[in-house]
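All remarks here apply to the structure that follows.
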2 protein chains.
Amino acid sequence: MSNDEHTTLPKSYEEMVREISAQHDSLSKRLKQIARYALDNPNDFALKTIAEIAKKAEVQPSALVRFAKAFGFSGFTDVQRLFQQRLLESRPSYDNRLQHLRESSDNTPLDLLKKFAVANTIALEHLVEEMPEEKLKEAIRILSDAETIHVLGMRRSFPLASMFYYSVTKMGHRAHLIDNVGGMHVEQQTNVGPRDALIAFSFSGYTPYVTSAAEKTHHGGIPVVAITDHLLSPLTHCSTVCFHVEDGAVHDFKSLGASMCLVQALVVGLGAVETD
Amino acid sequence: MSNDEHTTLPKSYEEMVREISAQHDSLSKRLKQIARYALDNPNDFALKTIAEIAKKAEVQPSALVRFAKAFGFSGFTDVQRLFQQRLLESRPSYDNRLQHLRESSDNTPLDLLKKFAVANTIALEHLVEEMPEEKLKEAIRILSDAETIHVLGMRRSFPLASMFYYSVTKMGHRAHLIDNVGGMHVEQQTNVGPRDALIAFSFSGYTPYVTSAAEKTHHGGIPVVAITDHLLSPLTHCSTVCFHVEDGAVHDFKSLGASMCLVQALVVGLGAVETD
DNA sequence: ATTACAATAGAATTTATATTCCAAATTAGA
DNA sequence: TCTAATTTGGAATATAAATTCTATTGTAAT
C-alpha cells in the first residue's frame, strides 16, 4: 500500500536532514519543493501548523503529509517533532569570540577560517565607512557610458577581473576580459576603442603589464576605473576613478572579500542605472 | 468577572518572565504552581500541548487557560507563542536580517555597497558557525596528500577556482587549473591521476560539465573536495568532502565573500600542514 | 495518439487540542 | 458556625489541526 522504507526512519533532526538530502533525487516534484523548504526554513517546520507551512511553501497540506510518509513516518506530526528537537538542542550562549580569537595563537584550520572571517568582516566595515558616494556614482557612470568595458587583472587580481566580467556580461553589458591567453595581451588591449572604458584591478605585486596598460589607456583619453590597495599604488595616477580597498590578511594572504563586495556593488549599480 | 489587567500584556518572553515574577505573590495556589512550572520548564511550555503540560505540572488543563487569562491573554495559545519566540531568538535568524535588507528602500550605489557588505558579513558569520572542524581537516588532508591538485570551476565559480589555483601554486604546491581554454576541458581532465585530487566549485546554475567531471573523478576513486551552495547540490553526493557555503545575495547577485574566505582558509591551512 | 501509472489539489473526515462552563470544594470574613 | 466569595476539577463543547480520500491532472511508455 504505502511507501516501503528502504531505510530506517530518522530519529533526530540531523538524521532527517541527511535522509532528505540522500533521497532528494528520487522524490517527486512537489516533494522536492517541500524538501527544499524544510532545509531552508527549519524553524517554520518546527513551530507552524501544517496549514501555515503549506501556505508559505506553496503546497497543499496533504502534500506535507505525503512528504512525511515518504520518509516512513506515520504523519507529519512526527516529522515536526524532529524539527522541534533541533530548537531544544544547543542554544549556544553568545560569547565574545572576536576578542578571544585575536588572542588565540592556534592555527588549526578552523582557527584560520575564523581569522579570515574576522579579517574580512573588518575589511567590509572599512570599505563601507570610507567609501565616498561620489566615487561610486562616477565609476558607475563611466562604466555605463562605455560601449565595451575592458576588464584587466592578472595573477592575484584575476579572480576579481573574471568575476566582474562574468557578472557584467550576465547583465547584458558588452565586456571583454583581457586574460592574456596565448600571451596575447598586447593584441587584446589594442582592441580598446575611444568610446570604451577600462576597469583595472591590481594589488601589491602590481604586475607591470597591468600598470602600463592602464597608463597607456588613460593617456589615450579613455576612462579608467581602478581598484587597488594603496594610495601609493601606480594605478592611482593613471585612472579616472580609483578605489583603494584594504582587504584583510592572515599570514600575508590577502582575502579578497572587500574587493569582491565592491565589484558586486559596481555591477549591480550598473544594472540599476541601465534599466532606468 | 475576570482579572483586570493592572498592566500591559507581555510582548516577549522576557516581559512575560518579568510579569510572572512580579505578579507571583498575588496569584492563587494553583496559579503559583503553574508559574513555577513555566519558569522551570520553558521548553515544555513552548512545545507541548496543554494536556501534556497540565499532566506534567499536575494541574488541570483549564488551570493553564486561567493562568493565561490572569495575565491578560485571550487563551493559553498566546502564552505559548511567547515561549516559542524564546527558542527562535537563541538562534538569530540570518534570513530575517537578509530579508529586511532586501526590502530596504533605496538602491543608490552606496546603498547597494552597504547591502552587499552586510550580506557578506552575515554569510561569514554563518560560515564560521556551521563549519565542522573535521570537514576542514579532512579536506586539507586530502589536498595535502595529492600529488597534483586539479582545480575546477566554471562561470560564476571560476573566480574562486582561479584564486585557489593562484594561491596554492604560490605556496609551492603543484596544481592544475582546468580552465577550458580552447574548449579542451576533456583533455585537461584526463590528466587527473590516481594520486591526485580534485577540488570542484559549483553554484546554483551547476554547470553540467563540472558535475559530471566530479562524478567521474569520484567514481574513479580519486578524492574530490567540493564547494557548493546547498545540501541538494549535485556535488553533495559525488565528493569525498563537501562544503556548503551560503553566500549573501542582493538582487539575485551572489557575493562570493564567504566562499573566498573558505578558499583562503583551505590554502593557508594547507600551507601550515606542509611546513610542519 | 492512447493507455497505464503516478502525482496532485482540494474537499471531506477524523482526530486532537483548546476553551468554556458549572458543580463541588475551599477559603475568608462575620 | 454560617455565608459569600473564590478557586478548583473535570466533563462538555467548540475550535483547530491533521489526515484521508477521490476526482483530476500530469507524465511516461507504447
Side-chain angles (χ1 to χ4, degrees), chain A residues 1-6 9 16 20 23-38 41 43-85, chain B residues 1-6 9-10 16 20 23-38 41-85:
Chain A
M1 47 157 300
S2 93
N3 218 309
D4 53 318
E5 15 179 329
H6 342 280
L9 98 170
M16 183 68 198
I20 290 176
Q23 307 252 69
H24 182 264
D25 288 345
S26 65
L27 295 176
S28 73
K29 187 169 132 201
R30 197 62 73 243
L31 262 38
K32 276 201 182 82
Q33 188 181 338
I34 293 172
R36 174 165 293 269
Y37 189 86
N41 306 71
N43 288 347
D44 285 1
F45 251 53
L47 297 180
K48 296 198 191 267
T49 67
I50 282 205
E52 288 174 305
I53 299 168
K55 198 170 171 199
K56 276 196 73 185
E58 297 180 302
V59 299
Q60 288 295 318
S62 50
L64 289 171
V65 177
R66 270 185 284 124
F67 177 81
K69 302 206 162 178
F71 287 91
F73 296 96
S74 78
F76 184 76
T77 310
D78 292 339
V79 172
Q80 197 162 45
R81 257 193 275 277
L82 256 37
F83 279 76
Q84 291 181 345
Q85 268 182 35
Chain B
M1 43 160 295
S2 94
N3 218 309
D4 54 317
E5 13 179 331
H6 341 280
L9 98 170
M16 183 68 199
I20 290 176
Q23 308 252 69
H24 184 264
D25 287 346
S26 66
L27 296 176
S28 75
K29 187 170 131 200
R30 198 62 71 235
L31 261 38
K32 273 201 184 83
Q33 189 182 337
I34 292 173
R36 172 165 296 272
Y37 189 86
N41 307 72
N43 288 347
D44 285 1
F45 251 55
L47 297 179
K48 295 195 192 271
T49 67
I50 283 205
E52 289 174 305
I53 299 168
K55 198 170 170 198
K56 276 197 73 182
E58 298 179 300
V59 299
Q60 287 296 319
S62 48
L64 289 171
V65 177
R66 275 202 300 274
F67 176 81
K69 300 205 163 175
F71 287 92
F73 297 95
S74 79
F76 185 76
T77 310
D78 292 339
V79 172
Q80 197 161 45
R81 255 194 278 277
L82 256 37
F83 280 77
Q84 291 183 345
Q85 266 183 36

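Letters A, B, ... are given to chains in the order of the sequence lines, protein chains preceding strands, and every chain is numbered from 1.
When the nucleotides dA9(C), dT8(C), dA18(C) are ranked by their closest atom to the side chain of Gln60(A), dA9(C) comes out on top.
Minimum heavy-atom separation, Gly75(B) to Ala68(B): O-CB, 3.4 Å. Minimum interatomic distance between Met16(B) and Leu82(B) (heavy atoms only, all atoms of both residues): CB-CD2, 4.0 Å. Nearest heavy-atom pair across Ala35(A) and His24(A) is CB-CD2, 4.0 Å.
One interatomic measurement links the two molecules: CZ of Arg81(B) to C1' of dA18(C), which rounds to 12 Å at whole-angstrom precision. Distance, Glu58(A) CD to dT8(C) C1': 15 Å, rounded to whole Å. Here dT17(C) presents its P atom at 12 Å from CD1 of Ile50(A), a figure rounded to the nearest Å. In this entry the distance linking CZ of Phe76(A) with C1' of dT14(C) reads 19 Å, nearest Å. What separates CD of Gln80(B) from C1' of dT17(C) is a distance of 10 Å, to the nearest Å. Lys55(B) has its NZ atom 15 Å from the P atom of dA18(C), to the nearest Å.
In summary, contact between chain A and DNA chain D, defined as any nucleotide atom under 4.0 Å from a heavy atom of the protein, begins and ends at dA17(D) to dT20(D) in the 5' to 3' direction.
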Could you list, one pair per line, each protein nitrogen or oxygen that sits under 3.5 Å from a nitrogen or oxygen of nucleotides 20-27 of chain C, together with the distance?
residue: dT20(C); atom: OP1; partner: Lys69(B); partner atom: NZ; Å: 3.4
residue: dT20(C); atom: OP2; partner: Lys69(B); partner atom: NZ; Å: 2.2

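Summarising the geometry, atom CD belonging to Gln80(B) is positioned 9.5 Å from atom CG belonging to Leu47(A); distances are rounded to the nearest 0.5 Å. To the nearest 0.5 Å, atom OG of residue Ser26(A) and atom CG of residue Leu31(A) are 9.5 Å apart. Here the CD-NZ distance, from Gln33(B) to Lys29(B), works out to 8.0 Å after rounding to the nearest 0.5 Å.
If Arg30(A) and Thr77(B) are placed on DNA chain C by their nearest nucleotide, the residue sitting closer to the 5' end is Arg30(A).
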Considering only distance and modelled atom types, tabulate donor-acceptor pairs under 3.5 Å from the side chains of residues 50-66 of chain B, sequence neighbours left out.
residue: Glu52(B); atom: OE1; partner: Thr49(B); partner atom: N; Å: 3.0
residue: Glu52(B); atom: OE1; partner: Thr49(B); partner atom: OG1; Å: 3.3
residue: Lys56(B); atom: NZ; partner: Asp44(B); partner atom: OD2; Å: 3.0

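A ring-ring contact (aromatic ring centres under 6.0 Å, His included) check over residues 43-70 of chain B, counting only residues at least two apart or in different chains, returns the pairs Phe45(B)-Phe76(B), Phe45(B)-Phe83(B), Phe67(B)-Phe71(B).
Scanning for side-chain contact (heavy atoms from CB on, under 4.5 Å) contacts around Arg81(B) gives Thr77(B), Asp78(B), Gln84(B), with sequence neighbours left out.
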